Amino acid sequence: MLKENASPDDVISPQKDSVMTHIDVGISAMRAAQVGLATIANNIANADTDGYHRQRVDLVDRRSIQNQHLWLGGGVDVASITRLRNATVEHALTANLSGKAAAEASLQALSRIEAALTPGPGSIDSLVTDFFDQVEQLALNPSDSVLRREIVATASQLASAINGVTQAFSNAGSASAQEIKETVDKVNSLAENISNLNHSIRIAEARAENPNSLYDQRERLINELAAYVDIDSRSVINGGDPLVAAGGALIVGNARSIISVQETADGRLLLASSTGQKGIEVRSGKLGGLLESMHAVDLGIQADFQEWATSLIREIDTIQATGLSLTGPVRSITGQRSVADINAPLREAGTAFGVESGELSLTVTDASGQRQTHVISVDVTTESLTDFAAKLNAVANVNASVNASTGRLSIHTNPGYAIDFAGRADSAPISSAITGTAVPTLSGRFTGSTNGTWTAEVISGGEVGVTPDVFLQVTDSVSGQVIGQFNVGLGYPANQVIQIGEGINVAFGPGTLNAGDTFDVQVTGTPDETGLLASLGMQTLFIGGDLSHVAVHPDILASPGAFAAAHSSITGDGQQLDRFISLRSKTVGAAGFETFEERLSSIVGSSGILVTTQQQEIDQRDLRIVELENARDAVSGVDPNEELLQMLQFQRAFQAASRFVTSMDESLDELMRLVG
Amino acid sequence: MAIRITPHRQLETGRLYARWHADQSAILTNQIASGVRVHKPSDDPHATKRILDYRAIGSHYAAQSSTIDGVRSILNDAHSQIRSAQQQVVSARDVALQVLRLDDPVAAKAFAQEISATLKSLEVIANTRSNGHYLFSGNELATQPYGDLSVQSDYQGGANSGSIQIAGAGSIKTYYSGDDVFQTGLGGSTVVRGNTGAAGGVGTASGPGRSSLIVEHTTTVYAGASGIQPGSRSPGGDTVIGQTGTHQLQVIDTSGTGSAGTISLNGGDAIAFTSADTDLAITGPNGEIVYVDTTAIAAGFSGTVDFEANGTVSLDGGLTNVPIDFSQTQTLVDEQGNVRHLDTRGIDRSGIDTVSMTGNSDIFETLRSLRDDLLNFESFTTVEWTEAVGQHLNALNHSHDHLLDIVGEQSVDLQTLDRLQERGNELKFEAEKVLAELEGTDFTEAVLRLQESQNMNQFTLAALANVFQVSILDYLR
C-alpha cells in the first residue's frame with residue numbers, strides 16, 4: 001500500500017509548557033477527530049461510487065514541548081488524507097476492461113455475420129441441399145416442367161441468400177466502420193478530458209492541495225478510455241500522467257495527440273496519429289475489437305464465403321453454359337457479365353471470375369441438324385475480349401461483337417444456324433482417310449473429363465458385315481493408349497451403333513473398309529477449359545458480376561425449359577444433369593477434401609467458433625475482472641461497517657479531547673478564582 | 001493475505017452470478033421448449049457443422065429414395081406392360097401352333113382376325129403412358145413411339161433408352177426404347193421367300209422387319225449366230241433372268257431359209273414363228289416368258305440358243321433399283337435402312353419375294369406376316385405353309401424369349417434398386433439418429449440442469465438478500 005500526499009513533518013519549535021499549550025493539544029485532537037469523521041462520512045457517501053478509492057486520515061504526533069527538563073507531547077496533526085489503492089491491480093483491471101471491451105465489440109460485429117449464416121428454413125445451406133436434391137430428382141424426368149420450375153425457383157432463392165449473406169458482410173463492415181469513426185471521436189474527446197484533468201491536477205499539486213477526487217476522476221476516465229483503446233501499463237502504474245495509449249499513438253499529458261481515421265483506396269480503414277504515426281495497431285478496447293473483427297471477417301470468414309459462393313456459381317454456370325436447354329442450340333447469346341477493359345488481356349481485364357488459357361468448343365448446327373464443332377484456343381495472358389470475339393467471328397456463320405460501353409460479348413448466327421458450347425461429338429469424323437465405301441457415323445457424348453482426339457484405324461479390311469474379321473482399332477492420339485478393337489465384319493449388322501468407349505458411338509453403313517483407312521474423332525470432356533463462358537455470363541444460370549447482385553437469368557426464370565439439363569435437345573436426355581449431380585460430390589477449397597455442402601457447413605461452423613471464442617473471452621474476462629475488482633476493493637473499497645467502527649473510534653476520540661479541553665478550562669477557571 | 005471483501009463487492013459478485021444463472025436458465029428453457037439444442041452456430045460450432053453435414057446427407061438419401069421410388073414406379077409399369085405383351089405373344093404362338101396343320105381357308109381368316117386383335121393389344125401396350133410419358137419411347141419421352149401397327153411398325157421414339165445415374169447402381173434404364181423391346185434386331189442371316197431364285201447371301205443382316213424384294217427384268221442378250229433378237233416388249237417384259245446358261249431357246253428352222261420354224265423356251269412347248277414376228281411371246285414350262293424378234297433368223301439354223309437376261313433388285317419398293325450382279329453376296333438396304341445380303345446367283349425370273357432376317361424379333365412384323373399369310377392361306381402350298389408358319393413360330397419364340405430377357409433385366413434392376421433403397425433408408429435413418437443426438441435436446445439433462453441453475457439462482461439471490469442482514473447499525477444507539 002502506498003500513501004499518497006503524505007505531508008512533510010511539521011517542524012515545531014520547542015515551546016515552554018503552559019496551560020494554553022495543553023488546551024491546544026486537546027484542540028488538535030478534536031480537530032483530528034473531526035477530520036477523521038469527515039473522511040469517514042465521505043467514504044460512506046461514496047461506498048457505491050464506481051471508481052472511488054476509500055480514503056484514510058493519516059495522523060502524526062506533534063513535536064514534543066519542553067517543560068523544564070521534560071519533553072511533553074504536543075498533540076496530534078493530520079498529516080494527510082490518503083487514497084488507498086493497489087496500482088498493480090488497478091493496471092491489470094484496466095487492461096482486462098480494455099480486453100473485454102475489445103471482445104464485446106468483436107462479438108457484436110461477428111454476431112451479425114453469424115445471424116446471416118444461421119441455418120434454418122430458407123437459409124443458404126438448406127437451399128444448396130435443395131438445389132442438388134431437386135436436380136437429382138429431375139434426372140428421372142428431365143423434361144418435367146414442374147421440377148424445372150422448382151429448381152429455377154430454388155436457384156433464385158439461393159441467389160437471394162448469397163446476396164443476403166454478402167450484404168450482411170457489407171453491412172457489418174459498414175457498421176463497424178461507422179463505429180470505428182465514432183469511437184475515435186470518443187477517444188479523442190476522452191483524451192482531451194484527461195489532458196484537462198492533468199492540468200488541474202498539476203495546479204492542485206503545485207498548490208499542495210489534496211486532489212484525491214481529481215485522481216479518482218482521472219482514473220475513471222482512464223478506465224473509460226481503456227474501454228476504447230489499449231492503455232500502456234507503465235503510465236497507469238505511474239498515475240496516468242503522461243498517459244500512453246492506443247499502441248503508443250495517443251499520448252496525453254498537459255497536451256495530447258489526436259487520432260484520426262483514414263480510408264485506403266481499397267476501402268480499408270487505417271488509424272493515424274497527429275504525432276505522424278500511421279497504421280496504428282490498437283491492441284484492445286472497443287476500437288481494437290472493431291479493427292480486429294473487421295480484419296478477421298475480411299480475411300477469414302468473408303473471404304471463405306466469397307470463395308465458396310464464387311466457386312459454386314462459376315461451376316453451376318459453366319455446366320449450364322455447356323449444356324443444352326429443351327429447345328436445343330440457340331441463334332443468339334448475349335453475355336450477362338462484363339469486363340472492365342475489353343482491350344486488355346483477359347486475365348487482367350476484370351472478368352467476374354478467374355480465367356485460364358485453354359480451349360473452348362463451339363458447335364455450329366445447320367438447318368439439317370449437321371453439327372460441326374470448332375475448338376477455339378484462347379491465351380488469356382495476351383488475348384483480350386476483342387481478340388476472342390475476332391476468333392469467334394472467324395467461325396463460319398457465327399458473328400461475335402463486343403459492346404464497348406457495357407463490356408459485354410454477343411454472339412449470333414446467320415439464319416439457319418444455331419450454336420452451343422456442349423462439345424458434342426460431330427456427326428461426322430473431324431478428318432477422314434477412308435478409301436472404302438462404308439461411311440462411319442458418330443454419336444453420343446464423351447463422358448471423360450479431358451479434351452483430345454481419338455484415331456480409328458482399320459486394321460484388316462473387307463466388307464462391313466460380310467467379310468470375316470474387319471477390325472477397327474481406336475487409339476487416343478495423345479497418349480497412344482488403345483481404346484479398343486471392334487469387329488465390323490461378318491456378325492456386325494451394318495448401321496448398328498458400336499460403343500467405342502466413354503460415351504462415344506460409331507456406326508458403319510454397308511460398304512467396304514480397307515486396311516489402313518483412318519478417321520479422327522474429336523472428344524470433348526471439358527467444353528470450356530478457359531472459364532470464359534461463366535466469366536462472361538454466356539448462357540449462364542446466374543447473372544450479376546458481384547456476389548451482392550447475383551440473380552437467376554430472367555430468361556430461365558421465365559422459361560425453366562432453358563435450364564440446361566441435357567446434352568442434346570431430346571426430351572428425355574438428362575446427361576448434363578449428371579454433371580450437376582457430380583458437382584455435389586466435387587471437392588472445393590484449398591484443402592480440397594470438402595464438398596460444396598461440407599465447405600459451407602464449415603464456414604457456418606466457423607462463424608459460430610468466432611462468436612464462441614469472443615463469448616468465452618468475455619466470460620473469462622468477466623471472471624478475471626471480478627477477481628481483480630475484489631482485489632482492488634480489498635484495498636480501495638468502502639465497508640460501511642468498518643467505517644462506522646472507525647467513526648465510533650473518532651467519535652470517542654473527539655469526546656475525550658473535548659472532555660480534556662473542558663477539564664483544562666475548569667482548571668483555568670480555578671486558577672482565575674485564585675487570582676480573583 | 002486474507003482478502004478484504006466489502007458488501008459492495010459481495011453484491012456485485014452476487015449480481016454477476018445471478019445474471020449467469022438467469023442466462024443459463026433462459027438457454028435451457030429455450031432448449032426444452034423448442035426441443036432443439038443448437039439454435040445458432042455459436043451454441044455449438046462443431047455440432048453445427050456436423051448437423052449441417054448430416055442434414056445434407058439425410059436430405060440426399062431422401063432425394064435418392066424418392067428418385068428410386070420414381071424409377072421403380074416406371075420400371076414396375078413397364079414390367080407389367082411387358083408381361084402383358086409376353087402373354088399376347090404366347091397367345092399368338094398358340095394360334096401359330098394351331099394353324100400349322102390348317103386346311104380350312106375360313107378358319108384361317110378367323111385366326112387372322114385373332115392375330116389382328118393381338119396386334120391391336122400390343123399397339124396399346126407399346127404406346128402405354130406412365131406419368132405423362134411413353135413407357136417405350138426411349139429418351140424421346142413425349143413422342144408416341146408407334147402409329148397404326150396393323151400397317152407398319154415404324155418406331156418414332158428415341159434411339160436410346162432413357163436412363164438415370166444412381167449412386168451405387170450406376171446407370172439404370174427407365175424408359176426403354178420400343179426398338180429394344182419389340183423390334184430388336186440382333187443381326188442374323190437374310191432369309192428370302194419367293195420364286196425368283198434369290199436366296200440369303202453371306203453376311204450379317206441388320207434390323208428387324210420384312211420387306212419385299214422386287215426383281216425386275218431389264219435386258220436380254222442372245223448369244224451365237226442364230227439371228228434371234230429381243231422382241232419389242234422384251235425389256236422389262238421378259239420374266240426370265242439369269243446368266244448365260246440359265247435359260248435356253250430351242251430354234252428349229254423348218255423353212256431352211258429362216259422364214260419359218262418353231263421356238264421353245266427351256267424345253268417348253270414349241271411355238272411357230274415366221275420372219276415377220278417382231279415381238280413373239282414364248283412361254284417356258286414354268287410360265288416364264290421371253291419376247292423375241294425372229295425377223296432375222298439365220299437360214300437353216302436349228303439348235304440351242306443361250307442367252308443372258310439381266311435385271312434389277314430393289315428392297316425399297318422400287319425407289320432404288322440395283323442391277324443384279326449374280327454374286328454370292330449382293331448387299332441391299334431397305335426402306336427402314338435395314339441391310340440385307342442376297343445371294344443373287346440363282347435368280348432366274350422376275351417377281352416379288354419376301355425378305356426378312358433370322359433372329360428377327362420384331363413382334364409386330366411377325367404378327368403382321370402371320371396375319372397376312374393367314375389371309376393368303378390359299379396361295380400357299382402345304383410345304384410353303386409349314387415352312388412359313390414354322391418361321392413365324394421361331395420368330396415368336398425369339399420375341400417371347402427376348403421379352404423375358406427384358407423382364408429379367410428389369411427384375412435385376414428392381415432388385416438392385418430395392419437393395420439400394422433399403423441401404424439408403426438405413427443410412428438415412430442413421431443420419432437422422434445422429435442428427436437427433438446432435439441437434440435435439442437431451443430433456444433429462446436439460447431439465448436437471450435447469451433445476452440446478454434455478455436452485456443456484458435462488459441460493460444466490462437468497463445470499464444476496466442477506467448481505468446487509470448483519471450491520472453495526474443494528475448495534476449503534
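This is a predicted model, so every value here is computed, not measured. Letters A, B, ... are given to chains in the order of the sequence lines, protein chains preceding strands, and every chain is numbered from 1.
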| Proximal component of Gln651(A), with respect to chain B [non-hydrogen, under 4.5 Å] | neither
| Where does His133(B) contact chain A at under 4.5 Å (heavy atoms): side chain, backbone, both or neither? | side chain
| message | Any salt bridge linking Arg55(B) with Glu439(B)? Criterion: basic side-chain nitrogen under 4.0 Å from a carboxylate oxygen. | response | yes
| How long is the span from the OG atom in Ser607(A) to the CZ atom in Phe305(A), to the nearest 0.5 Å? | 11.0 Å
| request: Rounded to the nearest 0.5 Å, what's the gap from OG on Ser356(B) to CG on Asp334(B)? Could you check? | output: 11.0 Å
| said: Please classify the contact of Asp633(A) with chain B as side chain, backbone, both or neither, using a heavy-atom distance under 4.5 Å. | reply: both
| said: Quick check on Ala139(A) against chain B: is it the side chain, the backbone, both or neither that has a heavy atom closer than 4.5 Å? | reply: both
| request: Please look at Asn495(A) and chain B and tell me whether the side chain, the backbone, both or neither of the residue comes under 4.5 angstrom of a heavy atom of that chain. | output: side chain
| field | Side chain, backbone, both or neither of Ile603(A) within contact of chain B (heavy atoms, under 4.5 Å) | value | neither
| field | Pairs of heavy atoms under 4.5 Å with chain B: top-ranked of Thr118(A), Leu117(A), Asp133(A) | value | Asp133(A)
| message | Need one label for Val38(B): side chain, backbone, both or neither, based on atoms under 4.5 Å from any heavy atom in chain A. | response | neither
| remark: One option among Leu11(B), Thr48(B), Ile164(B) has the most heavy-atom pairs under 4.5 Å with chain A, and it is Ile164(B)
| field | Toward chain B, the part of Glu463(A) with a non-hydrogen atom under 4.5 Å | value | side chain
| request: Could you look at Glu642(A) and say if it's the side chain, the backbone, both or neither that has a heavy atom under 4.5 Å from chain B? | output: side chain
| message | Please classify the contact of Asp48(A) with chain B as side chain, backbone, both or neither, using a heavy-atom distance under 4.5 Å. | response | both
| query | Checking side chain to side chain donor-acceptor pair (under 3.5 Å) for the pair Asp77(B)/Ser130(B): CA distance, chi angles, key distance, verdict? | reply | CA-CA 7 Å; Asp77(B) 283 354; Ser130(B) 171; 2.6 Å; yes
| said: Looking at Arg54(A) and Asp639(A), is there a salt bridge between them, counting it only when a charged N and a carboxylate O are closer than 4.0 Å? | reply: no
| field | chain A contacts, top residue of Ala142(B), Gly162(B), Ser137(B), Ser42(B) (heavy-atom pairs, under 4.5 Å) | value | Ser42(B)
| With a 4.5 angstrom heavy-atom cut-off, which part of Thr174(B) approaches chain A: side chain, backbone, both or neither? | side chain
| query | When rounded to the nearest 0.5 angstrom, what is the spacing between CG in Asp53(B) and CG in Asp125(A)? | reply | 10.0 Å
| task | Select, from Gly605(A), Ser601(A), Ser585(A), the one with the greatest count of heavy-atom pairs under 4.5 Å involving chain B. | result | Ser601(A)
| said: Could you go through Tyr176(B) and Leu135(B), starting from their C-alpha distance and side-chain angles, then the distance that decides it, and tell me whether this counts as side chain to side chain contact (heavy atoms under 4.5 Å, CB included)? | reply: CA-CA 7 Å; Tyr176(B) 276 68; Leu135(B) 278 175; over 6 Å; no
| task | Start with the C-alpha distance between Lys173(B) and Asp413(B), add both sets of side-chain angles, then the distance that settles salt bridge (Lys or Arg N to Asp or Glu O under 4.0 Å), and finish with yes or no. | result | CA-CA 8 Å; Lys173(B) 281 184 187 174; Asp413(B) 282 347; over 6 Å; no
| By a 4.5 Å heavy-atom criterion (distance strictly below it), what part of Tyr492(A) contacts chain B: side chain, backbone, both, or neither? | backbone
| query | Checking Val464(A) against chain B: side chain, backbone, both or neither under 4.5 Å from a heavy atom? | reply | backbone
| query | Taking 4.0 angstrom as the limit, do Arg584(A) and Glu598(A) come out as a salt bridge? | reply | no
| field | Distance, nearest 0.5 Å, that separates CD of Gln165(B) from CG of Leu577(A) | value | 11.0 Å
| message | Between Asp43(B) and Arg37(B) (salt bridge meaning N to carboxylate O under 4.0 Å), is one present in this structure? | response | no
| Taking the six-membered ring of Tyr134(B), is the NZ or CZ of Arg129(B) close enough (under 6.0 Å from the centre) and on axis enough (within 45°)? | yes
| Interchain contact, His46(B) with chain A, by part (heavy-atom threshold 4.5 Å) | neither
| query | When you check the gap from the basic side-chain N to the acidic O, do Glu629(A) and Arg9(B) get nearer than 4.0 Å? | reply | yes
| field | Criterion salt bridge (Lys or Arg N to Asp or Glu O under 4.0 Å) on Arg624(A) and Asp619(A), from CA distance to verdict | value | CA-CA 9 Å; Arg624(A) 221 172 295 160; Asp619(A) 290 345; over 6 Å; no
| note | Under 4.5 Å to a heavy atom of chain A? For Ile166(B) that would be neither
| field | Toward chain A, the part of Thr67(B) with a non-hydrogen atom under 4.5 Å | value | both
| Does any heavy atom of chain A fall under 4.5 Å from the side chain of Tyr17(B), the backbone, both, or neither of them? | side chain
| note | With chain B, the option among Ile581(A), Val611(A), Thr612(A) that has the most non-hydrogen atom pairs under 4.5 Å is Thr612(A)
| note | Bottom line for Val128(A): the part with an atom under 4.5 Å from chain B's heavy atoms is neither
| Quick one: CZ on Arg632(A) to CD1 on Ile625(A), what's the gap to the nearest 0.5 Å? | 10.5 Å
| query | Is there a donor-acceptor contact under 3.5 Å linking the side chains of Thr344(B) and Gln330(B)? | reply | yes
| Interface residue of largest heavy-atom contact number with chain A, from Thr331(B), Thr329(B), Leu141(B), under 4.5 Å | Leu141(B)
| If you count heavy-atom pairs under 4.5 Å with chain B, which of Asp130(A), Thr129(A), Leu600(A) comes out on top? | Thr129(A)
| Which region of Gln64(B), side chain (C-beta onward) or backbone (N, CA, C, O), has a non-hydrogen atom less than 4.5 Å from a non-hydrogen atom of chain A, or is it both or neither? | both
| said: With chain B as the partner, which of Asn630(A), Leu644(A), Val604(A) has the greatest number of non-hydrogen pairs under 4.5 Å? | reply: Asn630(A)
